[in-house]
Chemist: 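After the structure tokens below, expect a handful of questions from me.
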Amino acid sequence: MSFIVFNGELSKRDTITVDIEDRGYQFGDGIYEVVRVYNGCLFTWKEHVERLYASAEKIRMTIPYTMEEMKVMMDKLIEKNQLIEGTIYLQLTRGIAPRNHAFPGSDVQAVLVAYTRLGERPVKLMEEGVDALIIEDKRWLHCDIKSLNLLGNVLAHQEALDAGCYEAILHRDGVITEGSHTNVSIVSDGTVYTHPANNLILNGISRRVMLKACESQSIPFKEEAFTVDQLMRADEVFITSTTLEITPVRRINGQPAGVEGQYPVIRQLQESFTAAIETECGSLR
Ligand code: DCS
């Protein structure tokens, strides 16, 4: 894993340093993606790269590469690091310039960094589920942007960890938005509910794979917000993300979420998720 992509070039990780005047470092002024690699293949790459360019546009940043160039770089990185199963983290910052809130001039280019990380599917978590804590969503109103500014998410996640939980489930005025680093869905009377993809959540790629699975399995679904009360009364609760795929929530605030260990709809969705991976990236054995 010793190679990284730095400004369009493959470089040895230990030869690269971050400039103290990089706007990502000083302002969190940048965007990122985490993409899952199965069998050396970038799963749902198109969706991730399109979301990256959409995030760039929303923060008025120009990415100095085409989507095709980006794919070539990431494939080279995977090959060079011989990554079979894991993730690619990639980020772009608005560039290096003397500290000033104003955007730098057009001569300053965005800085691209990408690296790989080994990681297997979290089979045990996906099987047994995780515990969650409900916390007030105190983040800004552009959660649709995959911004490097993650302080609100970091604080919420740590609060959940300190309470012995795995994830924070966030609410605004009693309405569930998403997790600190996942999307949240419930199953109630056979219907899957998940927050609509607006400015209050990140439109997760795994969330979209899950919704497609609902469609193909004829499981009714509604992109409709649900309340804390509905969450606590749901038959099944689950979170989705690039690294966690579809993972059941076992307990919320110490109370069982649905019936512990009984996840019939979740199991169906997990099977479809695996099938989607295999269609795109080949057999997972
Ligand atoms: N919501 C938030 C706030 C997230 O940070 C993420 C992903 C998601 C939802 C789920 O989106 P994906 O399905 O597209 O992954 N968080 C990434 C992260 O920071 N690490 O791993 C995934």
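Indexing begins at 1, ligand by ligand and atom by atom, following the structure's order. Along the sequence shown, the residues carry numbers beginning at 1.
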Chemist: Tell me whether the rings of His101 and Phe27 are parallel (<30°), tilted (30 to 60°) or perpendicular (>60°).
Modeler: perpendicular
Chemist: Does an N or O anywhere in Tyr32 fall below 3.5 Å from an N or O of ligand 1?
Modeler: yes
Chemist: Below 4.0 Å, non-hydrogen atoms only: which portion of Thr242 touches ligand 1? Side chain, backbone, both or neither.
Modeler: both
Chemist: For atom 20 (N) of ligand 1, which protein heavy atom lies nearest, and how many Å away is it?
Modeler: Val34 CG2, 3.7 Å
Chemist: Tell me which one of Asn153, Val184, Thr87 gets a heavy atom nearest to atom 3 (C) of ligand 1.
Modeler: Asn153
Chemist: Any Lys/Arg nitrogen of Arg121 or Glu85 sitting under 4.0 Å from an Asp/Glu carboxylate oxygen of the other?
Modeler: no
Chemist: Which atoms from ligand 1 have a heavy atom of Ser180 less than 4.0 Å away?
Modeler: 3 (C)
Chemist: Sort out for me which residue in Arg139, His195, Arg207 forms a side-chain hydrogen bond (donor to acceptor under 3.5 Å, both in side chains) with Glu178.
Modeler: Arg139
Chemist: Below 3.5 angstrom, do we get any N/O pair linking Ser241 and ligand 1?
Modeler: no
Chemist: To the nearest 0.5 Å, what is the distance between CG on Asp75 and CE on Met70?
Modeler: 12.5 Å
Chemist: Nearest protein heavy atom to atom 5 (O) of ligand 1, by residue and atom, and its distance?
Modeler: His181 CA, 3.6 Å
Chemist: Non-hydrogen atoms of Lys146 versus ligand 1: any pair closer than 4.0 Å?
Modeler: yes
Chemist: With heavy-atom distances below 4.0 Å as the criterion, list the atoms of ligand 1 near Gly204.
Modeler: 11 (O), 12 (P), 13 (O), 14 (O)
Chemist: Closest non-hydrogen protein atom to atom 2 (C) of ligand 1, residue and atom name please, with distance?
Modeler: Glu178 OE1, 3.5 Å
Chemist: Checking Glu167 against Ser180: is there a side-chain donor and acceptor pair closer than 3.5 Å?
Modeler: yes
Chemist: May I ask you to check if Lys80 and Phe3 form a cation-pi contact, with NZ or CZ under 6.0 angstrom from the six-membered ring centre and within 45° of the axis?
Modeler: yes
Chemist: Can you tell me if Arg51 has a non-hydrogen atom under 4.0 Å from ligand 1?
Modeler: yes
Chemist: Nearest to atom 10 (C) of ligand 1, what protein heavy atom do you find, and at what distance?
Modeler: Asn183 OD1, 3.6 Å
Chemist: Around atom CD of Glu278, are there more than 12 heavy atoms of other residues, nucleotides or ligands at under 6.0 Å?
Modeler: yes
Chemist: Any salt bridge between Glu236 and Arg267, counting N to O under 4.0 Å?
Modeler: no
Chemist: Short N/O distance, under 3.5 Å, between Ser206 and ligand 1?
Modeler: yes
Chemist: Do any nitrogen or oxygen atoms of Ile205 come within less than 3.5 Å of a nitrogen or oxygen of ligand 1?
Modeler: yes
Chemist: Decide if the gap between the ring center of Tyr89 and the ring center of Tyr32 is smaller than 6.0 angstrom.
Modeler: yes
